[in-house]
Amino acid sequence: MIKAIRGTKDILPSEISRWHYLENIIKQIFSNFNYKEIRTPVFEETTLFGRSIGEETDIVSKEMYTFKDKGDTSITLKPEMTAGVVRAFIEHSLGGQQPLIKLYYISPMFRQERPQAGRLRQFHQFGGEALGSSSPVLDAELIQISYDILKSLGLKDLTVKINSLGVPESREDYKKLLREFLLNKKDKLSEDSRKRFDTNILRIFDSKIESDQELLKGAPLLIDNLDGESENHFEVVKEYLDKISIPFEIDPKLVRGLDYYTKTTFEIISKKVGSQSALVGGGRYDLLAEQLGGKPTPAVGFASGMERILLACESENSFSVKDDNIDVYIVRIDEELEMFVSETASKLRRSGLKADYDYLKRSVKAQMREANKSNAKFVLFIGGEEYKNKMANLKNMETGEQRSVQLDKLDTVLINSLKR
RNA sequence: GUGGGCGUAGCUCAGUUGGUUAGAGCGUCUGGUUGUGGCCCAGAAGGUCAUGGGUUCAAAUCCCAUCGUUCACCCCA
């Protein structure tokens with residue numbers, strides 16, 4: 001048997017209504033904030049990701065689906081969306097058409113990692129990006145959008161964490177401080193953290209190993225060593241979050257794994273999804289557009305994992321969607337009326353009604369069971385004496401009430417009955 | 001890439017210290033008297049016990065390998 005590739009999942013008809021529900025909320029809230037949807041290709045030139053996310057990051061160095069196409073170009077399935085959005089922004093000079101552009105997306109992403117709860121190789125993210133303004137209000141706005149979406153889904157157990165990474169210059173100064181602080185403790189660090197000491201020292205804060213955290217006690221914090229501008233920016237973000245009633249925690253250890261972040265970073269976590277607890281991650285990336293060859297364009301954005309969100313919703317039992325139902329199921333009483341039943345269904349469908357019937361020549365009883373399973377509001381019986389007089393029996397499945405209707409007035413009768 | 005758990009019907013799972021024909025619930029199908037659902041009742045279909053090898057008179061059960069899956073680490077959404 002051929003099975004779906006490891007780390008990929010079929011979304012079956014039985015679960016699709018939960019996805020539609022989620023997608024509708026996402027579209028609704030982004031639209032309230034006047035964000036426009038953007039769709040970029042699922043694959044891009046490989047170099048785009050190295051240059052934006054960072055060559056040394058885990059995503060680029062070991063998780064990308066990269067292959068050569070027939071023209072010998074190196075292609076990569078997108079592991080995240082920001083790079084593609086910024087590429088499109090530059091390519092189509094979107095910044096030249098309007099000074100600030102607010103975009104959102106819903107799209108599959110691909111990363112070749114070992115699958116686990118809340119982590120797939122093909123997974124789905126939605127996210128928002130605001131390009132063209134350095135206003136801290138936008139940082140807060142994106143936090144608000146993601147938070148409001150999660151809240152609209154009924155999620156309760158959420159924590160918003162924010163931090164500021166400052167600008168590269170102040171960050172470099174700080175790294176020196178941290179390096180000095182840790183220098184004589186280096187040999188006591190875990191193996192991973194010793195590696196981080198050289199590659200990305202900030203990430204040592206992420207370590208889950210207790211002895212590492214012990215060694216970090218009393219370490220200088222990035223947040224206490226910000227440059228003046230970043231500090232002011234962070235103050236406004238916090239102030240505005242307070243004004244719009246978003247509860248948050250400052251987490252000086254929140255260091256995100258993508259190279260392009262500057263100033264604000266944030267995360268929303270839920271304890272209800274296993275160990276992959278981040279539902280949302282994002283931050284400001286003021287230098288990325290320029291780095292990719294565009295004009296300097298301050299920007300901020302976030303991404304959010306839809307599978308993780310649905311896991312959280314499931315474990316909190318935060319919303320339920322009602323079963324699909326149809327308006328009318330047509331039961332064929334006499335076998336020779338098969339064609340007429342199809343014809344009648346087809347007319348009703350063209351009148352905008354949800355109609356179905358049996359294609360398997362099943363018994364009347366079986367047809368009724370089927371009607372019941374598809375939650376039909378009405379059942380129409382076609383056959384016998386009534387049919388000769390161009391009449392049919394219409395049964396209300398909820399009340400059990402049944403009446404005779406003229407076949408040529410069927411659609412109006414049904415439409416009126418359904419209004420009630 | 002590293003480590004642990006688990007692979008029995010479409011799904012969720014039983015299966016005793018190895019012992020005849022591998023079970024249940026749900027789901028599916030057919031019936032329960034002429035042309036009417038849910039509830040109930042009767043019956044049926046559906047299994048290379050993941051795959052391959054080994055131990056044994058005898059393996060779903062014990063051992064090994066492979067594959068799959070799952071959870072965790074790293075990292076991330």
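Lettering follows sequence order; numbering is per chain, from 1.
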Describe the nucleic acid contact of A:Glu80 in one word from base, sugar-phosphate, nothing, applying a heavy-atom distance below 4.0 Å.
nothing
Counting the atoms with a prime plus P, OP1 and OP2 as sugar-phosphate, which does A:Val331 contact under 4.0 Å by heavy atoms, base, sugar-phosphate, or nothing?
nothing
Who pairs with B:U16 - Watson-Crick or G-U, where each distance is under 3.5 Å
none
Does a side-chain N or O of A:Thr57 approach OP1 or OP2 of B:C75 to a distance below 4.0 Å, or not?
no
Let's test your reading of the model: under 3.5 Å, does the base of B:G32 pair with the side chain of A:Arg369 as donor and acceptor?
yes
A:Arg121 and A:Arg6: CA distance, side-chain angles, deciding distance, side chain to side chain contact (heavy atoms under 4.5 Å, CB included) verdict
CA-CA 8 Å; A:Arg121 290 184 168 185; A:Arg6 171 195 271 269; 3.5 Å; yes
Which part of the nucleic acid, if any, lies within reach of A:Gln276 when heavy atoms closer than 4.0 Å are counted: base, sugar-phosphate only, or nothing?
base
Under 3.5 Å on both distances, the Watson-Crick or G-U partner of B:G43
B:C29
With a non-hydrogen cut-off below 4.0 angstrom, is A:Glu385 in contact with a base, only sugar-phosphate, or nothing?
base
Is the closest basic N to carboxylate O distance between A:Arg349 and A:Asp356 below 4.0 Å?
yes
NA contact type, A:Ala117, heavy-atom cut-off 4.0 Å: base, sugar-phosphate, or nothing?
sugar-phosphate
Is A:Lys3 touching bases, backbone alone, or none of the nucleic acid, heavy atoms closer than 4.0 Å?
sugar-phosphate
A:Lys185 to A:Phe181 six-membered ring, cation-pi geometry met (6.0 Å, 45°)
yes
Under a 3.5 Å cut-off for both distances, is B:U55 Watson-Crick or wobble paired, and to whom?
none
Output the rounded distance in Å from CZ (A:Arg194) to P (B:C74).
16 Å
Sugar-phosphate, base or nothing in reach of A:Asp58, heavy atoms under 4.0 Å
sugar-phosphate
OP1 or OP2 of B:U28 versus the side-chain N and O atoms of A:Lys373: is any pair under 4.0 Å?
yes
B:U34: pairing nucleotide in any strand, Watson-Crick or G-U under 3.5 angstrom:
none
For a quick test of reading the model: is some side-chain N or O of A:Arg362 closer than 4.0 Å to OP1 or OP2 of B:C29?
yes
Does A:Glu267 reach a base, just sugar-phosphate, or nothing at all? Heavy atoms under 4.0 Å.
nothing
Separation of B:G1 P from A:Arg121 CZ (nearest whole Å):
8 Å
Contact class for A:Gly281 (heavy atom, under 4.0 Å): base, sugar-phosphate, or nothing?
sugar-phosphate
I would like to know whether A:Thr76 and A:Thr66 meet side chain to side chain donor-acceptor pair (under 3.5 Å); could you show each step before the answer?
CA-CA 4 Å; A:Thr76 293; A:Thr66 297; 2.8 Å; yes
So A:Ala376, base contact, sugar-phosphate only, or nothing? Heavy-atom distance under 4.0 Å.
nothing
What is the separation between atom CG on A:Leu12 and atom P on B:G10, rounded to the nearest whole Å?
15 Å
Tell whether A:Gln112 reaches the base of B:G1 with its side chain through a donor-acceptor pair below 3.5 angstrom.
no
Could you tell me how far apart A:Met368 (CE) and B:C39 (P) are, to the nearest whole angstrom?
13 Å
When you compare B:U70 with B:G31, how far apart are their C1' atoms, in angstrom units rounded to a whole number?
42 Å
If I take atom CD in residue A:Glu307 and atom P in nucleotide B:C71, what distance separates them, rounded to the nearest angstrom?
13 Å
Any base atoms under 4.0 Å from A:Glu398, or only sugar-phosphate, or nothing? Heavy atoms, all strands.
nothing
For residues A:Tyr357 and A:Tyr359, establish whether the separation of their ring centroids is below 6.0 Å.
yes
Can a salt bridge be assigned to the pair A:Asp327 and A:Lys354 using a cut-off of 4.0 Å between side-chain N and carboxylate O?
no
Going by atom types alone, do A:Arg196 and A:Ser193 pair a side-chain donor with an acceptor below 3.5 Å?
yes
In whole Å, measure the gap between the P atoms of B:G7 and B:C64 for me.
15 Å
So, under a plain 3.5 Å distance rule, would you say the side chain of A:Arg114 forms a donor-acceptor pair with the base of B:U2?
yes
Rounded distance in Å between the C1' positions of B:G25 and B:G32
23 Å
Roughly how many Å apart are B:G15 and B:U20, using the P atom of each and rounding to a whole number?
16 Å
Under a 3.5 Å limit for both distances, which nucleotide forms a Watson-Crick or G-U wobble pair with B:G1, could you say?
B:C73
Write down the distance between CD (A:Glu63) and P (B:C75), rounded to a whole number of angstrom.
11 Å
Quick check: any donor-acceptor pair below 3.5 Å linking the side-chain of A:Arg119 to the base of B:C75?
yes
Now, which nucleotide makes the Watson-Crick or G-U wobble pair with B:C49, with each of the two distances under 3.5 Å?
none
Between B:U21 and B:U17 - C1' atom distance, rounded Å:
23 Å
Paired with B:G7 by Watson-Crick or G-U wobble geometry, both distances under 3.5 Å: which nucleotide is it?
B:C67
Is the distance from OP1 or OP2 of B:A72 to the nearest side-chain N or O of A:Gln116 less than 4.0 Å?
yes
How would you label the contact of A:Ile309 with the nucleic acid (heavy atoms, under 4.0 Å): base, sugar-phosphate, or nothing?
nothing
If you assign each of A:Phe381 and A:Pro115 to its closest nucleotide in RNA chain B, which residue comes earlier from the 5' end?
A:Phe381
If you only use heavy atoms from C-beta on, which nucleotide in B:C74, B:G68, B:U36 is closest to the side chain of A:Arg196?
B:C74
So is A:Arg18 actually on top of A:Phe319's ring, under 6.0 Å and inside 45° of the axis?
yes
A:Leu279 near the nucleic acid: base, sugar-phosphate alone, or nothing, with a heavy-atom cut-off under 4.0 Å?
sugar-phosphate
Looking only at side-chain atoms of A:Lys9, point me to the closest of B:G37, B:C75, B:U70.
B:U70
Rounded to the Å, how far apart are A:Gln367 CD and B:G38 C1'?
17 Å
Taking B:A50 as the reference, what is the distance to B:C40 when you measure between their C1' atoms (whole Å, please)?
39 Å
When you check the phosphate oxygens OP1 and OP2 of B:U30, does a side-chain N or O of A:Ser363 lie under 4.0 Å from one of them?
no
Return the pairing partner of B:U21 with a 3.5 Å limit on both distances, Watson-Crick or G-U wobble; otherwise return none.
none
A:Arg403 and A:Ser417: side chain donor to acceptor below 3.5 Å:
yes
When the nearest nucleotide of RNA chain B is assigned to A:Ile59 and to A:Asn396 on a heavy-atom basis, which residue is associated with the more 5' position?
A:Asn396
Separation between the C1' atoms of B:U51 and B:G43, rounded to whole Å:
36 Å
Salt bridge present between A:Lys390 and A:Asp408 (N-O < 4.0 angstrom)
no
Heavy atoms only, 4.0 Å cut-off, all strands: where does A:Gly127 land among base, sugar-phosphate and nothing?
nothing
Does a nitrogen or oxygen in the side chain of A:Lys365 sit under 4.0 Å from OP1 or OP2 of B:U34?
no
Taking the C1' atom of each, how far is B:G52 from B:C57, in whole Å?
23 Å
Roughly how many Å is it from CE in A:Met397 to P in B:G38, rounded to a whole number?
9 Å
